[in-house]
Structure formats: C-alpha cells, structure tokens
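Here is the structure we will look at.
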Amino acid sequence: MEALLVRKLGDPTLPPNASENSSLDLSTSHPIPNLESPTSVRVRIKATSLNFANYLQVLGKYQEKPPLPFIPGSDYSGVVEAVGPNVTKFKIGDHVCSFVALGSFAQFIVADESDLFQVPDGCDLVAAGALPVAYGTSHVALVHRAQLRPKQVLLVLGAAGGVGLSAVQIGKVCGATVIAVARGNEKVQFLKSLGVDHAVDLSSANVIESVKGFLKSRKLKGVDVLYDPVGGKLTKDSLKLLNWGAQILVIGFASGEVPVIPANIALVKNWTIHGLYWGSYKIHQPNVLGDSLKELLSWLSKGLITVNISHTFSLAEAHLAFTALKDRRAIGKVMITFDDGKIVKSKL
C-alpha cells in the first residue's frame, strides 16, 4: 500500500524522497496491516485530516515523540474493507471515521471496532474525516469543559483555522454570541457568511478596540468564554476583554509563543483556566470523546455544522499540504484524500 513515513524529524514542507534533507518518505510498497484480533476492522482510508499537531510531530516539537520511523496522521474516514470474526457493529462496505495517535497517512489502517464510528447516511465521507480532532477538540472544550450557554459571549481566536472554524460553528449551535478573530479580508468574509456576530480582521483592526466597540453596541459587559489556539500577544490583548467569572480555554500555541496568564488577575477576576489536550481524553475519559463524536456526527447529518475543506492533496503532495498549513493559507481544513479502490471482502 501507499504510506507516508517520517524517517527523521525535520521540515515536512520539503518534498518526500527529494533529498537526504527530506523528513518524509513516500512508500508505495508498505505492508497492508493485518487484522490483529477477532474484533479488528481494516479500513480503506478515503480521507485523512492534517492538523497542526501533525506538523509539530514531524518537526519533533509535539509533546508526544514517537520512535522513528512512524506514519503520521490522526483522524480519518473510509470504508470497511475487512472484519474479524467477532465484529458485530460493522460490515464490509460501511462508512466509518475515527482517530488514532499515529498512522492515518496510509491507504489502509486497522482499528478495533470499539474505536470506530458509523458515518450517518448522506454525510460526505471526506467531511467526516475532518471531524474528529478539530471539531472534537472544540466540542469537548466548549460543551464539556466550559459548558457554553445561550447568550454567553464567545471570543474565538484563530477563527479561520481548523479548530477555530469548528469553535465558531459549535458556538452558534450552542446559541452563544460569537466574536471571531482572523487575519485577512477573505477569511473575515467567510466567517461572516457563517453568521458570526462580529468579526475582527487583525490586518486592519485592533482586537481590543474592535471587540469593545461591538460589546458596547450590544450593551454587553464582556467576553464570557475565550477560545485560544493562538497564544502570544493576541492572548494578552484578549484578557483585557474578559468578564468577571470568564473561562479561558487553552487550546494551543499556533503563534509559537506560550502566553502568560497572570494568576493575580485570574484570582481577582474569578477566571477559570482550562488546559485542553484533547487526545489525553482517550486515556482518561474515553466515554467523553465517544459521546462527543456521536453528537458531532448527528449535527453533521442534520446540517447544524458543516466542514469547510480548504485544500485537498494526494499523499504524494503531503508536503504541499503541510505548506498550506504552515503558511496559514487554509480556511478550515486541509485534507489528504485517496482514490476509491475496490473493496475486497475478507475475514480474519
């Protein structure tokens, strides 16, 4: 099968196999994974999502550092191609999606049936492959942790990126007043098309002045929930907009700078600071992830949320996908897709 391997840590924007400096190696003869147990399912992958964590992982800057070589990739969707004899939830031909710590940048993947989710009829399979990590992160953060309520004010930083765009949509489903912050007119116009209540273009406006002006026009006191995948100076500025009793969701540091949140101000303002490492729920509270993804798939099937696929690449073009992510060109998700192949009916 075709698979992308990380042979050494380094810049994933260099073409695979191009030179000794390339960190990526595109293999066309990697072994197809075998079913590992009676409840294993082999999935022919249709689409796999590129997340910022994948980029950091290839660079060697992610909090988890797998041994080399490894196949990167986390969330994916596809078609069931083979099942073990004790599999009861799925049959060959079913559309499924899931997530893993590693391994989805390949044509096939094996998972236990308990780790797979049925994609509802009518749902786009590529969109389903973009759902678990980005939308799962925002859903757990906003619904489970912050318990976002109708009419609360949600401020989303990096709102045009994968997790940011998902937070905007989930905020609207929850009935919140959503303020979106992004850079560039194209991104801001897209956010407005989603029905955000206010959008800030960082290329032409000051976030503090813009948001304060909006809050004043709506007779609102301040921001109740800050969703922050960016960090850096933008976090520092956003703290000046928070209400007493506000909640801060620390999602990531796309700016490359880890912000400092003054504990004395958090004390006086009664802020709650949530660190959100979505993947660790798989170990500590897997039921939360399961319930979250099932609700998201239901929302997707009902049209309550949509997944904007900004860029689509083949596995051989993975370096271009990483480049689009690195250069902040994407509005929504960057995906790796595979051509549909013949489904081979097989058993363990």
Side-chain angles (χ1 to χ4, degrees), residues 2-28 45-66 68-77 102-107 126-127 129-134 137 157-166 182-188 190-191 202-203 229-232 234 251-257 307-339:
E2 199 174 55
L4 192 73
L5 286 86
V6 178
R7 296 290 186 186
K8 69 175 186 177
L9 301 178
D11 185 359
T13 65
L14 297 175
N17 311 350
S19 71
E20 60 181 20
N21 294 323
S22 298
S23 61
L24 303 178
D25 179 13
L26 180 63
S27 171
T28 57
I45 293 179
K46 170 63 178 177
T48 180
S49 173
L50 182 60
N51 300 289
F52 194 67
N54 304 132
Y55 174 68
L56 293 176
Q57 203 163 48
V58 179
L59 285 174
K61 295 182 178 180
Y62 196 57
Q63 52 258 40
E64 293 179 355
K65 296 177 173 60
L68 295 167
F70 65 87
I71 298 174
S74 42
D75 43 352
Y76 65 91
S77 63
L102 296 168
S104 67
F105 280 29
Q107 282 182 294
V126 176
L131 201 72
V133 172
T137 295
L157 308 183
V163 291
L165 210 56
S166 66
R183 187 178 298 276
N185 182 64
E186 183 184 3
K187 293 178 178 180
V188 166
F190 183 80
L191 288 163
L202 289 175
S203 65
V230 178
L234 191 55
I251 306 299
F253 316 108
S255 68
E257 181 182 343
V307 180
N308 189 64
I309 308 298
S310 180
H311 296 73
T312 302
F313 299 95
S314 69
L315 195 62
E317 300 169 322
H319 62 292
L320 300 178
F322 281 108
T323 300
L325 190 75
K326 177 185 177 183
D327 293 347
R328 309 282 199 273
R329 296 205 306 264
I331 300 177
K333 294 297 297 178
V334 177
M335 304 294 292
I336 302 290
T337 60
F338 296 87
D339 291 334

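Just so it is clear, the model here is predicted, and its values are computed rather than measured.
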Quick one: [atom1] on [X] to [atom2] on [Y], what's the gap to the nearest 0.5 Å?
| X | Y | atom1 | atom2 | value |
| --- | --- | --- | --- | --- |
| Leu315 | Thr48 | CG | OG1 | 9.0 Å |
| Glu2 | Ile45 | CD | CD1 | 11.5 Å |
| Arg329 | His311 | CZ | NE2 | 5.0 Å |
| Glu186 | Leu191 | CD | CG | 10.5 Å |
| Ser23 | Leu59 | OG | CG | 7.5 Å |

Quick one: do Lys333 and Asn51 satisfy side chain to side chain contact (heavy atoms under 4.5 Å, CB included)? Show the steps, please. CA-CA 8 Å; Lys333 294 297 297 178; Asn51 300 289; 2.6 Å; yes
Going through the checks in order, is the side chain to side chain contact (heavy atoms under 4.5 Å, CB included) test met by Leu56 and Gln63? CA-CA 9 Å; Leu56 293 176; Gln63 52 258 40; 5.9 Å; no
How far apart are the closest heavy atoms of [X] and [Y], and which atoms are they?
| X | Y | value |
| --- | --- | --- |
| Ala160 | Leu165 | CA-CD1, 4.3 Å |
| Ala134 | Val163 | CA-CG1, 3.8 Å |
| Gly129 | Ser49 | O-CB, 3.6 Å |
| Pro15 | Ser22 | O-OG, 2.8 Å |
| Leu102 | Pro72 | CD2-CA, 4.5 Å |
| Ala106 | Phe338 | O-CZ, 3.3 Å |

Side chains of [X] and [Y]: closer than 4.5 Å at any heavy-atom pair?
| X | Y | result |
| --- | --- | --- |
| Ser166 | Thr137 | no |
| Phe313 | Leu50 | no |
| Gln57 | Pro66 | yes |

Do any side-chain atoms of residues 3-13 form donor-acceptor pairs under 3.5 angstrom with protein atoms, and if so which ones, sequence neighbours left out?
| from | atom 1 | to | atom 2 | distance (Å) |
| --- | --- | --- | --- | --- |
| Arg7 | NE | Asp25 | OD2 | 2.9 |
| Arg7 | NH2 | Asp25 | OD2 | 3.3 |
| Lys8 | NZ | Glu20 | O | 2.7 |
| Asp11 | OD1 | Thr13 | N | 2.9 |
| Asp11 | OD1 | Thr13 | OG1 | 2.7 |
| Asp11 | OD2 | Thr13 | OG1 | 2.9 |

Selection residues 50-66 - residue pairs positive for salt bridge (Lys or Arg N to Asp or Glu O under 4.0 Å), sequence neighbours left out: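 Applying salt bridge (Lys or Arg N to Asp or Glu O under 4.0 Å) to every pair that reaches into residues 50-66, excluding sequence neighbours, yields nothing.
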Checking Phe52 now: which residues fulfil ring pair (Phe, Tyr, Trp, His ring centres under 6.0 Å) with it, not counting sequence neighbours?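 Testing Phe52 for ring pair (Phe, Tyr, Trp, His ring centres under 6.0 Å), a comparison that skips the adjacent residues, returns Tyr55.
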Please walk me through it: do Leu325 and Asn54 pass side chain to side chain contact (heavy atoms under 4.5 Å, CB included)? CA-CA 10 Å; Leu325 190 75; Asn54 304 132; over 6 Å; no
Residues that [X] engages under side-chain contact (heavy atoms from CB on, under 4.5 Å), provided they are two or more places apart:
| X | value |
| --- | --- |
| Val188 | Lys192, Ala199, Asp201 |
| Ala53 | Tyr62 |
| Ala47 | Ser77, Val126, Met335, Thr337 |

Would you find a donor on one side and an acceptor on the other, under 3.5 Å apart, between the side chain of Ser203 and the backbone of Arg183?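 Answer holds: no.
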